[in-house]
Amino acid sequence: MRTCGATPGGPSLDGIDLSKQTVIQGQVLRDGSSDSVPNGAAVTNGHVRLLDADGEFTAEVPTNQEGQFRFFAAPGSWTLVVQAPGARVEKKIVAAQGAPTDVVIHI
Amino acid sequence: MSRETSLVTADWVAQNLNNPKVVIVEVDEDTTLYAQGHIENAITFHWREDLQDGLIRDLISKEKFEALLSKSGISNDSTVILYGGNNNWFATYAFWYFKVYGHADVRLLDGGRKRWELDARAFVTEVPVRTATRYVAKERDNSIRAFRDEVVAAIGTKNIVDVRSPAEFSGELAAPAHLPQESGQIKGHIPTAKNIPWSKAANEDGTFKSDAELKEIYQGAGVDLSKDTIAYCRIGERSAFSWFVLHELLGVNNVKNYDGSWTEYGSLVGVPVAVGA
């Protein structure tokens with residue numbers, strides 16, 4: 001069980017019934033100019049879009065002040081599209097009920 | 001009703017930030033984003049707190065709408081520019097709302113908050129102080145608003161366009177995937193509705209596609225636009241987006257937004273429901 005503050009990537013899962021929800025979440029970080037280590041600055045002006053297995057738009061959220069985002073989806077294959085000034089990144093994921101899919105995306 | 005009279009670009013807004021005739025309003029379901037930063041001189045309306053009655057499920061009354069606009073410093077001859085996050089869903093809902101109450105000059109910022117943000121244009125945190133006005137609204141124009149009985153009667157006779165995502169249309173999801181999937185009502189769609197997601201009409205940056213592309217989306221899906229059309233979604237904001245596309249950008253007159261949408265229809269006792277793609 002993840003606890004508040006210890007989650008790498010997405011926001012705290014406290015209060016979310018993971019037995020009923022299929023959570024896809026994560027954090028968007030901007031890589032430094034000289035390396036690609038996963039310690040970049042949080043992207044606070046990003047938009048994360050969730051596409052279904054057919055590539056159809058399902059939802060979109062702006063990143064929060066920690067660069068985080070969250071979706072409540074259904075089990076299956078999804079694609080995340082991250083847009084921010086000067087950047088666009090796609091990431092394919094598989095979501096399941098019971099355990100959150102938590103990703104860190106670098107742009 | 002045309003792209004020229006209903007839509008403005010980010011450049012146009014940037015050039016009119018201090019135009020006294022222009023009032024810029026950010027509209028969303030979450031106004032904390034406004035507090036973090038907004039377009040200079042923009043005020044904000046909260047989709048629920050400002051625009052929903054609260055006691056009964058309905059638009060606010062004409063008198064309350066007049067009071068809201070008056071205290072916000074909006075005059076009958078103001079050019080109101082609406083924008084928001086969520087790909088302008090709630091801004092287009094507000095656009096439709098302003099038209100229901102007969103405001104003459106209301107326009108939408110193409111691409112909304114997202115396009116502005118992706119362009120790395122400036123946001124400010126200062127909240128403008130506007131001088132109150134005495135706004136006078138018109139009686140509601142229900143020619144652009146559909147109610148439940150009309151929707152039930154439209155099954156198999158009028159165009160019904162479900163603008164939600166395919167997953168919501170089929171019954172897999174009960175709400176857009178950024179919201180918890182908990183809902184009292186059943187899942188599915190109105191029989192004979194065609195699923196033409198709102199997102200088909202928008203580019204990835206949130207701006208609208210060209211008129212030719214928009215026409216093809218509806219005609220390609222087999223919608224005869226010479227017939228009356230009712231658009232719906234879950235709570236009426238995404239269908240306002242598609243209503244905007246049809247009524248304002250393409251100039252199709254006989255289009256209504258069913259703002260009761262699936263949260264109403266999916267809770268009605270005894271009405272027909274379809275599931276699957």
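The sequence lines fix the lettering, A, B, ..., with proteins before strands; numbering per chain opens at 1.
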Quick one: what part of B/Asp119 sits under 4.5 Å from any heavy atom of chain A, side chain, backbone, both or neither? neither

Does any heavy atom of chain B fall under 4.5 Å from the side chain of A/Val48, the backbone, both, or neither of them? neither

Side chains of A/Gln83 and B/Asp205 only: does a donor on one sit below 3.5 Å from an acceptor on the other? no

Any heavy-atom pair between the side chains of B/Leu118 and A/Asn45 that's under 4.5 Å? no

Please list, in residue-number order, every residue in residues 86-94 of chain A that has a heavy atom less than 4.5 Å from any heavy atom of chain B; write 'none' if there are none. A/Arg88

Under 3.5 Å, sequence neighbours excluded: what are the donor-acceptor pairs made by side chains of residues 215-222 of chain B?
none

Could you state the interatomic distance from OG1 (A/Thr58) to CD (B/Glu168), rounded to the nearest 0.5 Å? 8.0 Å

Taking every non-hydrogen pair under 4.5 Å, which of B/Ala202, B/Pro166, B/Ser165 racks up the most with chain A? B/Pro166

Can you name the nearest heavy-atom pair linking B/Pro176 to A/Ala59, along with the distance? C-CB, 4.5 Å

At a 4.5 Å cut-off on heavy atoms, which part of A/Ala74 comes close to chain B: side chain, backbone, both, or neither? both

With a 4.5 angstrom heavy-atom cut-off, could you sort out which part of B/Gln36 is near chain A: side chain, backbone, both or neither? side chain

For a side chain to side chain donor-acceptor pair (under 3.5 Å) with A/His47, tell me which candidate from B/Glu117, B/Lys114, B/Arg113 qualifies. B/Glu117

Residue part contacting chain A, namely of B/Trp89, when any heavy atom lies under 4.5 Å: side chain

Is A/Phe57 close to B/Asn87 at the side-chain level, that is, under 4.5 Å between some pair of heavy atoms? yes

At their closest point, which heavy atom of B/Glu204 faces which heavy atom of A/Val81, and how far apart are they? OE2-CG1, 3.8 Å

